[in-house]
Amino acid sequence: MSACSGAHGGARRIVSNGRTRREMERIPSNESGTVDGGPHSDASSPSSVSDILYLINSYHATVLRPEILRTLDGARLLFVRGDIRSALSSVDKALEEMTESEQAYRDVIAFRLLAASMVGEDSPRWSPGPDGPEAEPAEGADALRTVSLCVESDEHWHSGSLMQGLALSRSAVEHSRNAAPIWRVYANLLLAKKLSDVHAHLQASRVICDIDELIDSSGLLVFGSLPEALRSVLHLQAGRFEQAIESAATAVRISEETASAIGMKLALSVAATAHLARGEYDRAAELLRLFHARTGYYALVDSRARVAFAEIALVAAEEPPRVAADRIRANWHLLATDSGCFIEDPSRPAWLIGVALRAGATGLAGNCLRAIEKLADDNRGFTPLETAAESARKVWAGGTPEVPSILDLTADRSCLSAEPRLPGGPPAPSGATPPPPAASGPAAPRRTTGSTRSDAADPETVAARPHEPGPLSSLSDRESEVARLVGQGMTNQQAAKELGVSPHTVNFHLRNVFRKLSISTRVKLGPIIAGIDGPPGTGDHGPNGHR
């Protein structure tokens with residue numbers, strides 16, 4: 001748990017690494033716990049102090065008729081329990097009894113717009129128009145504008161317009177400053193998710209701290225699992241799999257303690273992926289089953305995508321290649337741009353292409369390649385996307401990916417050597433069929449570029465290998481190469497030429513190096529490398545000062 005939450009969340013949660021790990025291990029046996037019904041058989045009635053505080057802080061203090069207030073309170077509790085459609089039905093019932101002149105009317109519409117967006121219902125009727133929130137300030141105006149901006153932001157984000165989506169999300173946070181605490185939490189949640197997707201981890205961490213403090217100060221304890229669930233995503237992206245599992249376990253525990261579905265599926269999806277990366281496949285499969293068993297709980301689109309990728313990885317490791325390709329097709333609506341998942345993990349597109357090519361599904365592989373190239377082209381300047389596109393093109397041409405994937409579970413299996421090698425050259429134009437793989441015979445060895453060592457190190461081996469002494473022990477093999485070259489004075493362009501990759505790839509790995517070594521400049525990297533390797537030109541270093 002970060003320092004920013006420690007000062008405010010002591011009364012709300014006590015985190016012990018050993019305890020949280022054990023709690024995560026017992027999750028599947030907890031099917032009769034509070035989240036699934038248990039003591040809270042009436043999901044529309046308050047049952048704890050956290051419920052009462054949540055209802056008090058869900059909207060501005062207003063005067064509502066008792067029957068409408070009861071209906072709305074029930075809707076809000078259904079919402080945090082994860083029953084979005086029932087909550088939506090209750091909100092509609094309340095709106096039928098209200099008029100636009102009533103206090104809290106716009107807050108209720110904002111709630112309705114949010115719930116409708118979560119179940120995929122188009123609700124233009126409730127979106128603010130010319131006489132909406134921009135008109136004379138009315139109670140709930142900021143809430144309605146905040147939610148409208150959030151919904152619009154997600155529409156852009158999931159259609160591949162990431163810059164516009166991020167800008168609208170920041171605007172939503174600004175509009176939420178005068179709204180009720182619940183809307184500030186919601187707007188900051190979406191902003192933190194987008195910032196983590198684009199690997200702006202420092203900014204994302206600050207927003208998560210804001211959410212933590214807002215939850216504690218406003219009494220919205222039913223949202224208490226969100227900060228830890230969001231932190232688990234940051235840990236996963238940074239390769240800190242044990243910490244990702246611990247944060248996810250904490251998020252699950254808090255959700256169960258407050259009988260809330262908030263953050264539950266996000267945490268489960270991260271924990272399953274982290275266990276997968278650690279080689280704990282049975283545990284990952286168990287958590288994936290639990291994710292689907294919680295049928296009443298809402299899951300963010302990216303959580304569903306994360307689960308789909310993990311399931312495809314397990315299928316690809318255990319079933320014939322065509323079965324994995326069929327699973328990709330069945331989940332394509334999640335795996336393309338609909339979830340922003342290509343930017344969350346730049347290794348995913350290349351890995352998908354490899355899975356498709358092993359199955360001989362060249363058309364599917366071509367679709368994957370065109371999807372990431374279009375996403376990168378539409379969002380120039382996002383280095384992770386440029387890295388993902390470059391890595392995808394390399395796999396398409398028969399090479400090895402630039403970024404190792406934690407989804408590649410086949411490195412130590414015989415089917416890895418059967419991977420076909422494709423003819424080189426650029427991808428086919430959009431709409432055309434990519435060239436087929438070699439017809440028969442043994443597969444050609446996969447080529448490497450620039451380096452004398454294979455770039456396709458098994459990510460499980462990288463994550464689990466014994467830590468070498470020294471500051472570089474937390475880095476992957478490629479990150480260590482980049483760190484040494486840059487630390488010895490090379491520019492990104494020079495390092496890229498030496499390694500046979502693009503400057504974008506070097507920049508991507510260098511950012512990871514800075515984050516893992518807790519430094520911010522290449523000047524600070526020099527002394528670290530010098531302390532490990534000695535002065536340039538000594539030992540087994542080459543004439544250019546690198547190995």
Side-chain angles (χ1 to χ4, degrees), residues 2-3 196 198-206 231 234-244 277-278 345-347 383-384 386-387 390-391 401-404 406 448-547:
S2 70
S196 67
V198 299
H199 300 257
H201 289 170
L202 290 178
Q203 295 181 55
S205 295
R206 285 195 290 269
R231 288 188 187 101
L234 298 184
H235 290 316
L236 180 67
Q237 287 183 327
R240 299 187 293 266
F241 302 128
E242 179 69 20
Q243 290 169 276
R278 287 166 55 88
D345 181 353
S347 74
T383 301
E386 294 166 345
T387 301
E390 179 183 352
S391 187
E402 291 294 341
V403 185
I406 62 176
T448 58
T449 306
S451 175
T452 58
R453 176 190 57 78
S454 170
D455 298 335
D458 173 24
E460 296 166 21
T461 304
V462 171
R465 70 184 188 278
H467 286 286
E468 57 188 275
L472 301 191
S473 61
S474 64
L475 306 185
S476 70
D477 290 347
R478 179 61 98 187
E479 289 167 353
S480 294
E481 288 180 331
V482 170
R484 289 180 187 277
L485 295 179
V486 173
Q488 291 162 1
M490 283 193 178
T491 65
N492 286 13
Q493 288 76 12
Q494 290 170 330
K497 184 176 181 180
E498 175 68 20
L499 296 174
V501 300
S502 77
H504 290 307
T505 299
V506 170
N507 184 50
F508 173 77
H509 289 302
L510 191 59
R511 289 168 62 190
N512 288 337
V513 169
F514 286 172
R515 184 176 70 252
K516 291 182 180 181
L517 299 184
S518 299
I519 59 177
S520 57
T521 68
R522 53 206 304 135
V523 173
K524 295 181 180 179
L525 183 59
I528 296 176
I529 299 302
I532 296 172
D533 294 341
T538 64
D540 61 349
H541 292 261
N544 292 326
H546 53 80
R547 296 186 186 276

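Since this is a predicted model, take the numbers as computed values, not measurements.
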Ignoring hydrogens, what is the shortest heavy-atom contact between [X] and [Y]? Give both atom names and the distance.
X    : Y    : value
S347 : P404 : CB-O, 3.6 Å
S196 : L234 : CB-CD2, 3.5 Å
K516 : A238 : CE-O, 3.5 Å
V513 : E479 : CG2-O, 3.5 Å

Using 0.5 Å steps for rounding, measure from the [atom1] atom of [X] to the [atom2] atom of [Y].
X    : Y    : atom1 : atom2 : value
H201 : H235 : NE2   : NE2   : 11.0 Å
L525 : Q488 : CG    : CD    : 9.5 Å
I519 : I528 : CD1   : CD1   : 4.5 Å
T383 : L510 : OG1   : CG    : 11.0 Å

Go through the structure and list residues passing salt bridge (charged side-chain N to carboxylate O under 4.0 Å, His left out) with E390, not counting sequence neighbours.
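E390: no salt bridge (charged side-chain N to carboxylate O under 4.0 Å, His left out) contacts found.
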
Sub-3.5 Å donor-acceptor pair from the side chain of S391 to the main-chain atoms of T387, do we have one?
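Not a single qualifying donor-acceptor pair exists.
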
For L499, is there any backbone N or O sitting under 3.5 Å from a side-chain donor or acceptor partner on E481?
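Checking the backbone N and O of L499 against the side chain of E481, no donor-acceptor pair under 3.5 Å is found.
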
Given the rule in the side-chain contact (heavy atoms from CB on, under 4.5 Å) test, do R231 and Q243 qualify, once you have shown the distances and angles that lead to the verdict?
CA-CA 9 Å; R231 288 188 187 101; Q243 290 169 276; over 6 Å; no

